[in-house]
Amino acid sequence: MRDWTVLGIETSCDETAAAVVRGSAPGPGQILSNVIFSQLDAHRPYGGVVPEIAARAHVERIDGIVDEALREAGVALADLDAVAATAGPGLIGGVMVGLTAAKALALAAAKPLVAVNHLEAHALTARLSEGARFPFLLLLISGGHCQLLSVDGVGRYRRYGTTIDDAVGEAFDKTAKLLGLPYPGGPSVEQAARRGNPKRYALPRPMVGRPGADFSFSGLKTAVRQIEEPDTADVAASFQAAVIDVFRDRVAAAMAMFRQDHPSTDFADFGPDGRNGLGPDGRNGLGPEGPRGPDFVVAGGVASNAAIRDALDALCSDRGFQIKKPPPRLCTDNAAMVAWAGVERGQLGLFDGLGVSPRARWPLDAS
Ligand code: KG4
Ligand code: ZN
């Protein structure tokens with residue numbers, strides 16, 4: 001398949017973003033531009049994202065950000081193969097702004113439109129950055145989600161586990177608030193944890209050892225709230241250590257499920273060049289590095305946390321999975337991931353009509 005050039009637009013939360021990506025499935029692809037305007041300053045006084053403020057800020061910025069992304073990439077609308085935008089899930093006012101802008105551009109330039117699921121954009125990012133191969137095991141950890149899924153192809157998701165209460169990013173954000181750390185909470189907690197003692201407070205490890213691969217974080221949040229005279233760095237470190245222990249246990253459980261569903265991925269079906277089977281010596285599978293386990297992908301804003309990344313590295317090398325981690329700036333919300341999802345869906349002919357509606361809720365495994 002020839003390379004596609006796609007403009008992506010992301011407005012589902014508090015970043016107004018546009019990017020141009022060029023490439024072909026399974027990746028990696030090339031990021032020609034990746035413009036992000038963060039509305040952090042507008043929301044900081046409220047300690048969280050205010051939907052009305054976000055929607056207005058998207059409206060004010062979107063045209064300029066799209067122009068900048070095209071200019072930086074040196075690409076004209078006429079050069080595009082498709083226009084992609086996040087169509088959900090997210091704050092509906094913001095999603096509407098980005099999707100409407102994409103529709104207008106697609107109509108004006110007579111280009112096909114791709115309505116992207118924000119979660120699928122996170123899920124496929126490791127193909128843009130690392131060329132991750134289907135099927136892979138995905139740990140999706142963001143402000144609104146905490147899921148373990150088998151990603152068997154574009155639009156083909158099988159869920160192994162999800163949170164029964166809070167998302168993990170939410171737990172980071174609430175812990176930061178309890179500690180009086182600045183918004184946004186995740187990066188503040190990570191930074192504070194570097195100076196802290198992770199063994200100072202004995203916090204619960206919810207769901208550890210339970211059957212299945214579901215998560216729960218509300219008990220952890222409650223335990224943090226009950227600490228008397230908390231030492232900020234030690235609480236942050238103890239909280240992060242608890243989250244990491246939970247991930248180790250839950251991801252290991254999902255790895256076992258994935259192996260059962262995909263026994264053949266334990267052999268080197270695909271060499272690093274993506275070609276099937278036989279090595280240069282004509283023998284099946286095993287390259288000079290020996291057997292290659294399946295890919296494990298971590299995605300979403302919380303995946304930019306260095307301590308979590310390190311723990312997952314160790315777990316993967318222990319369990320024979322190949323870890324594929326997008327760089328931190330592609331883990332948090334951005335439009336390059338949306339453009340890439342546009343490349344992948346577009347190359348499969350999965351376009352959307354101009355009548356497509358934004359969706360506040362849009363689960364990955366039921367799309
Ligand atoms: O994917 P994302 O940018 O937006 C959503 O789609 O939700 O994720 C945002 C979440 C927030 O909860 C934020 O606090 C968390 O990711 N986050 C982090 C870090 N950076 C962002 N959590 C822990 N450590 C970080 N370094
Ligand atoms: Zn996100």
Side-chain angles (χ1 to χ4, degrees), residues 8-17 19 34 36-40 43-44 47-49 51 54 85-92 94-95 98 116-126 138-147 162-163 166-179 181-194 196 215 217 220-221 224 236-237 239-244 246-247 297-312 325-338 340-341 359-364:
I9 294 175
E10 161 61 39
T11 56
S12 67
C13 193
D14 60 344
E15 351 266 356
T16 314
N34 190 13
I36 302 182
F37 170 72
S38 169
Q39 305 173 359
L40 269 183
H43 299 290
R44 188 173 285 118
V49 179
T86 295
L91 301 172
I92 197 75
V95 173
V116 171
N117 180 318
H118 180 87
L119 303 174
E120 175 155 74
H122 277 302
L124 299 178
T125 304
L138 170 68
L139 173 65
L140 177 59
I141 42 180
S142 70
H145 297 85
C146 186
Q147 300 184 349
T162 188
T163 179
D166 296 347
V168 62
E170 218 176 322
F172 267 94
D173 294 336
K174 286 178 180 165
T175 297
K177 224 172 192 173
L178 287 170
L179 293 173
L181 290 170
Y183 171 83
S188 310
V189 170
E190 178 179 10
Q191 211 181 353
R194 287 202 199 105
F215 298 88
F217 292 103
L220 189 49
K221 176 188 65 193
V224 168
F239 166 81
Q240 196 171 270
V243 168
I244 286 173
V246 168
F247 282 163
V297 168
V298 59
V302 182
S304 63
N305 180 293
I308 292 172
R309 293 166 78 87
D310 289 349
L312 294 171
K325 297 169 296 189
R329 75 191 162 84
L330 294 182
C331 289
T332 46
D333 286 348
N334 65 86
M337 69 180 191
V338 177
W340 176 257
R359 298 170 70 167
R361 295 174 57 82
W362 189 358
L364 257 190

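One-based numbering, in listed order, for ligands and for the atoms of each. Positions are given from 1 along the sequence.
The atom of Asp333 that is an N, O or S and sits closest to the Zn ion (ligand 2) is OD1. Considering just the N/O/S atoms of His118, the one nearest the Zn ion (ligand 2) carries the name NE2.
Under 4.0 Å from ligand 1, not a single heavy atom of Pro184 appears. Of all the heavy atoms of Asn305, the ones lying under 4.0 Å from any atom of ligand 1 are found in both the backbone and the side chain.
Of all atoms in ligand 1, numbered sequentially from 1 with element shown, those under 4.0 Å from a heavy atom of Gly169 are 12 (O). Under a 4.0 Å criterion applied to the non-hydrogen atoms of Pro187, ligand 1 contributes the atoms 19 (C), 20 (N), 21 (C), 25 (C), 26 (N). Taking every heavy atom of His118 and a limit of under 4.0 angstrom, the matching atoms of ligand 1 come to 6 (O).
Not a single N/O/S atom of His145, whether from backbone or side chain, sits less than 2.8 Å from the Zn ion (ligand 2).
Of the possible donor and acceptor atoms, none in the side chain of Glu190 sits under 3.5 Å from a partner among the backbone N and O of Ala192.
Residue-ligand proximity: His145 is placed with every non-hydrogen atom at 4.0 Å or more from ligand 1. Not a single heavy atom of Glu15 sits less than 4.0 Å from an atom of ligand 1. Using a non-hydrogen distance threshold of 4.0 Å, Cys13 does not register as a contact of ligand 1.
Protein heavy atom closest to atom 10 (C) of ligand 1, with residue, atom name and distance, is Gly143 N, 3.4 Å. Counting protein heavy atoms only, atom 22 (N) of ligand 1 is closest to Gly186 CA, 3.4 Å. Of all protein heavy atoms, the one closest to atom 12 (O) of ligand 1 is Asp173 OD2, 2.8 Å. Looking only at protein heavy atoms, the nearest one to atom 5 (C) of ligand 1 is Asp333 OD2, 3.6 Å.
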